[in-house]
Q: 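Quick one: this structure, given as structure tokens, is what I'll be asking you about.
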Number of protein chains: 2
Amino acid sequence: MSGARDGNGTGGRPKRPTMVDVAREAGVALRTVSRVVNDDPTVGPEYAAKVQAAITALNYRPDERARQLRTGITGTIGAAVRRIAEVNPELAAIEQTARESGLTLFAASTDFEEAREREILVSMCRQRLDGIIVEPFGENHGYLQPELDAGMPVVAMDRPMSGISVDCVMSDNASGIGTAFHHLTRYGHRRIAYVGDREQVYSGRERAAAFRAALGAHGQSLDGLVHPGEITPERVAAALDTALYGPEPATALVTGSMDTTLTVLRVLGPKAASRLAIVGFDEVPHADLLQPALTVVAQQTAKIGRTAVELLLARMADPGRPVQAVVVPLTLTVRGSGEIPV
Amino acid sequence: MSGARDGNGTGGRPKRPTMVDVAREAGVALRTVSRVVNDDPTVGPEYAAKVQAAITALNYRPDERARQLRTGITGTIGAAVRRIAEVNPELAAIEQTARESGLTLFAASTDFEEAREREILVSMCRQRLDGIIVEPFGENHGYLQPELDAGMPVVAMDRPMSGISVDCVMSDNASGIGTAFHHLTRYGHRRIAYVGDREQVYSGRERAAAFRAALGAHGQSLDGLVHPGEITPERVAAALDTALYGPEPATALVTGSMDTTLTVLRVLGPKAASRLAIVGFDEVPHADLLQPALTVVAQQTAKIGRTAVELLLARMADPGRPVQAVVVPLTLTVRGSGEIPV
DNA sequence: ATGAAAGCGCTAACAA
DNA sequence: TTGTTAGCGCTTTCAT
């Protein structure tokens with residue numbers, strides 16, 4: 001049976017067999033095929049065998065789209081993150097946790113562009129994904145309110161969302177900066193400078209503020225020591241000039257992000273970098289290969305990613321639960337650059 | 001109208017409005033709503049306005065799944081790669097090229113596990129994606145033959161697939177190794193060693209073979225110089241011992257992959273590494289921050305990713321076209337480590 | 001320019 | 001245990 005090549009004569013693309021085709025081939029009802037495909041135990045062994053044979057003979061593959069349309073669930077969650085093809089331990093943790101939970105992950109890069117972010121989020125909503133994790137960037141996410149009202153579970157990661165109230169997990173920026181600062185004071189430093197991202201973005205704002213607070217609590221003035229701003233070689237070089245070569249030079253440095261750390265190292269060059277005490281905020285790839293190896297306060301990225309999925313699962317299970325904000329502490333990793341004494 | 005909260009009384013999850021609801025709200029036929037949603041120009045302005053108003057009032061969002069089921073196309077291509085969430089320029093290029101082509105990208109990590117790879121590919125086929133790019137790992141992809149027969153476009157990237165015949169794009173491993181080798185001979189090196197991945201994997205096999213050929217063509221014996229194998233600190237340390245501290249020590253080294261390069265640098269330590277001439281195969285993150293900065297032959301990863309999408313698009317457009325294999329040359333990036341003379 | 005009705009491939013009530 | 005039937009939400013002939 002079923003020997004003929006395909007129903008098609010000439011050039012048309014081959015048509016895939018459907019459940020109806022399998023049912024006809026096996027001589028059973030559609031419903032029975034569905035039962036076999038879904039491992040329903042209430043099918044007689046000989047029927048099951050006949051169906052299996054037909055499935056193999058026709059190379060039948062169920063159409064997931066139809067299944068999803070009918071059941072209403074996709075078994076897929078979305079992740080809208082800065083970049084999927086860069087080092088992104090949160091995303092790695094999300095992917096693994098999703099897999100452990102039997103969910104497929106659909107990840108897309110916002111590139112930290114507001115328009116792109118919106119495009120991705122709206123697209124995920126149109127696909128009726130079971131839930132969305134977003135590392136938010138844009139300034140107003142009010143356009144998602146109707147989706148939330150319609151029951152779409154959303155979790156924010158690394159930054160809070162603006163204009164809507166959703167579950168959220170992020171690092172304890174303030175205490176991380178404090179850890180970096182106090183680690184350096186332990187090695188005798190009193191003049192400690194900060195270079196980090198611009199205060200227009202949430203994390204840049206939080207970390208600069210925390211550094212100012214640390215300086216104040218330590219009885220230091222802020223003059224020439226705190227340099228949030230655009231991370232470009234020029235801007236970073238100017239900041240370092242002010243901080244390191246002024247009348248009261250800083251002897252130690254806290255950087256506010258991975259990008260800042262790398263730019264600082266490039267601007268300083270190997271000789272200057274090896275003499276200055278540096279604690280980086282956030283891990284740097286292959287930090288152990290640098291000279292000196294880089295001491296950092298690292299975000300618990302894996303924990304953050306895992307928590308994001310857990311928050312999402314909780315909300316999927318109970319849409320009415322109160323909105324929750326989880327804060328994750330950072331951990332100090334000592335490697336050398338932060339232990340250079342005054 | 002439509003003022004009531006939702007059709008729902010108590011705890012049930014809110015039901016989304018469908019096209020029928022919009023049609024009823026607007027007092028038009030279903031077909032008209034569909035026309036408006038799809039920007040069909042043959043709708044009268046007042047009808048269009050009424051429909052738009054209803055869409056806004058109900059916060060209607062079309063269900064992409066239903067659309068896909070009906071039209072048969074998803075507008076989505078899949079990419080099964082080693083790892084998302086790591087530096088992966090091929091994937092970045094795929095994502096960008098897909099976006100430029102108006103396609104959504106669905107990426108998943110195989111982790112270079114055969115079972116995982118198969119799971120992902122089968123899942124993508126069940127979702128009826130418009131096409132699949134795969135960085136293959138497994139040894140037998142024959143299970144995909146029925147999908148190919150059913151018209152599923154598949155393109156292999158970085159490695160060929162086994163057991164099936166599909167379009168493919170990859171680096172010119174042999175000539176890349178040749179470039180690295182000859183660059184070192186230009187600085188007077190005659191004893192040049194190779195450490196790289198095990199020959200069970202395609203690229204490891206190709207590169208080791210190319211290195212042996214280069215040695216041979218240069219009139220050198222192979223003894224103690226060629227070390228393919230597992231990339232572990234122990235194995236790499238043993239290989240380096242043999243190559244660098246034997247009776248005729250090598251004065252230069254070619255590594256066979258990014259992982260190999262990083263492991264070699266870690267095993268050697270900063271002092272030994274700064275004395276040995278090294279050319280890495282493939283780019284290393286922040287290679288410019290190392291001391292000395294690392295000279296590499298880099299794969300044209302962006303070109304490879306872009307080409308993969310282009311091959312896929314071509315096959316989607318013409319399923320009958322002959323299978324094509326594209327080979328992309330590597331480029332030498334001089335930074336210091338490869339220009340240390342004998 | 002608009003509408004009525006069929007059906008994409010599947011699951012889920014309900015019958016038998 | 002198996003089959004019949006009615007949709008999921010949309011697009012698409014085909015009439016009007």
Side-chain angles (χ1 to χ4, degrees), chain A residues 7 12-52 54-55 58-75 125-130 150-151, chain B residues 7 12-52 54-55 58-75 125-130 150-151:
Chain A
R13 91 167 35 171
K15 180 165 162 22
R16 283 184 165 279
T18 76
M19 225 172 225
V20 200
D21 300 319
V22 176
R24 190 181 320 118
E25 172 84 10
V28 302
L30 178 60
R31 186 66 183 91
T32 306
V33 179
S34 174
R35 286 197 172 97
V36 171
V37 166
N38 293 290
D39 295 317
D40 188 318
T42 74
V43 269
E46 55 241 52
Y47 277 79
K50 272 196 293 185
V51 171
Q52 283 296 0
I55 286 176
L58 298 179
N59 280 313
Y60 168 74
R61 300 279 176 277
D63 188 326
E64 189 60 27
R65 296 170 302 180
R67 181 187 161 80
Q68 288 175 10
L69 178 61
R70 182 60 235 236
T71 61
I73 61 174
T74 60
C125 291
R126 290 170 72 126
Q127 308 218 55
R128 301 291 193 271
L129 299 188
D130 293 350
Chain B
R13 90 165 38 171
K15 182 166 163 19
R16 284 183 164 279
T18 76
M19 225 171 225
V20 199
D21 300 319
V22 176
R24 190 180 321 120
E25 172 84 9
V28 301
L30 178 60
R31 184 68 181 87
T32 305
V33 180
S34 174
R35 286 197 172 96
V36 171
V37 166
N38 292 290
D39 295 317
D40 189 317
T42 75
V43 269
E46 54 242 54
Y47 278 79
K50 272 196 292 185
V51 171
Q52 283 296 359
I55 287 177
L58 299 179
N59 281 312
Y60 168 73
R61 300 278 177 276
D63 188 326
E64 189 59 28
R65 296 169 302 181
R67 181 188 161 79
Q68 288 175 10
L69 177 61
R70 183 59 234 240
T71 63
I73 61 174
T74 60
C125 290
R126 290 170 73 126
Q127 308 217 56
R128 302 290 194 270
L129 299 188
D130 294 349

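Every chain is numbered from 1, with letters handed out A, B, ... down the list of sequences.
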Q: Please determine whether a side-chain nitrogen or oxygen atom of B:Thr32 lies at a distance below 4.0 Å from atom OP1 or OP2 of C:dG3.
A: yes
Q: Output the single nucleotide from C:dA4, C:dG9, C:dT2 whose closest atom is nearest the side chain of B:Arg31.
A: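 For the B:Arg31 side chain, the nearest candidate turns out to be C:dA4.
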Q: Reckon A:Val43 touches a base, only the sugar-phosphate, or nothing at all at heavy-atom distances under 4.0 Å?
A: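 Touches sugar-phosphate only.
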Q: Run the numbers on A:Glu64 and A:Arg67 for side chain to side chain contact (heavy atoms under 4.5 Å, CB included), then give the verdict.
A: CA-CA 5 Å; A:Glu64 189 60 27; A:Arg67 181 187 161 80; 3.6 Å; yes
Q: C:dT2, OP1 or OP2 - any side-chain N/O from B:Lys50 closer than 4.0 Å?
A: no
Q: Measure CG/B:Leu30 against P/D:dC10 and give the value in whole Å, please.
A: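 The distance from CG of B:Leu30 to P of D:dC10 comes to 8 Å, rounded to the nearest Å.
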Q: So A:Thr42 and A:Arg35, do their side chains get closer than 4.5 Å, heavy atoms only?
A: yes
Q: Please determine which of A:Val36, A:Asp63, A:Leu30, A:Val51 meets the side chain to side chain contact (heavy atoms under 4.5 Å, CB included) test together with A:Met19.
A: A:Leu30
Q: Quick check for you: among C:dC10, C:dT2, D:dT2, whose closest atom lies nearest to any side-chain atom of A:Tyr60?
A: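 Given the options C:dC10, C:dT2, D:dT2, the side chain of A:Tyr60 is closest to C:dC10.
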Q: Would you please confirm or rule out a distance under 4.0 Å between OP1 or OP2 of C:dG9 and any side-chain N or O of A:Lys15?
A: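 Yes.
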Q: Heavy atoms under 4.0 Å, any strand shown: does A:Val28 hit a base, just sugar-phosphate, or nothing?
A: sugar-phosphate
Q: Please report, rounded to the nearest Å, how far the C1' atom of D:dT11 is from the CG atom of B:Asp63.
A: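 Rounding to the nearest Å, CG of B:Asp63 and C1' of D:dT11 are 13 Å apart.
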Q: Quick one: CG on B:Leu58 to CD on B:Glu25, what's the gap to the nearest 0.5 Å?
A: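 Atom-to-atom, B:Leu58:CG and B:Glu25:CD are 4.5 Å apart.
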Q: When you measure from the side-chain N and O atoms of A:Arg67 to the phosphate of C:dT11, is any distance below 4.0 Å, counting only OP1 and OP2?
A: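 For C:dT11, OP1/OP2 do have a side-chain N/O of A:Arg67 under 4.0 Å.
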Q: Output the rounded distance in Å from CZ (B:Arg16) to C1' (D:dC10).
A: 15 Å
Q: Give a yes/no answer on whether the side chain of B:Ser34 brings an N or O atom under 4.0 Å of OP1 or OP2 in D:dT11.
A: yes
Q: Taking the side chain as everything from C-beta on, heavy atoms only, tell me whether B:Asp21 gets closer than 4.5 Å to B:Arg24.
A: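 They are in side-chain contact.
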Q: Tell me which nucleotide among D:dT11, D:dG9, D:dT1 gets nearest to the side chain of A:Thr42.
A: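 Closest nucleotide to the A:Thr42 side chain: D:dT1.
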Q: Would you compute the distance between atom CZ of B:Arg61 and atom CZ of A:Arg126 and round it to the nearest 0.5 angstrom?
A: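 The CZ atom of A:Arg126 is 8.5 Å from CZ of B:Arg61, to the nearest 0.5 Å.
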Q: Calculate the interatomic distance between A:Gln68 atom CD and C:dC8 atom C1'; express it in whole Å.
A: 15 Å
Q: Hey, which sits more toward the 5' end of DNA chain C by its nearest nucleotide, B:Glu46 or B:Leu69?
A: B:Glu46
Q: Reading DNA chain C from 5' onward, which residue's closest nucleotide shows up sooner: B:Gly27 or B:Arg70?
A: B:Gly27
Q: Under 4.0 Å between any heavy atoms, over every strand shown, what does B:Arg35 touch: base, sugar-phosphate, or nothing? Just pick one.
A: base
Q: Rounded to the nearest Å, what distance is computed from the CD atom of residue A:Glu64 to the P atom of nucleotide C:dT11?
A: 9 Å
Q: Which whole-number value in Å describes the distance from A:Met19 CE to D:dG3 P?
A: 14 Å
Q: Whole angstroms only, please: what is the CZ-C1' distance between B:Arg65 and D:dT11?
A: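 Whole-Å distance recorded here is 16 Å.
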Q: Whole angstroms only, please: what is the CG-P distance between B:Asp21 and D:dG9?
A: 8 Å
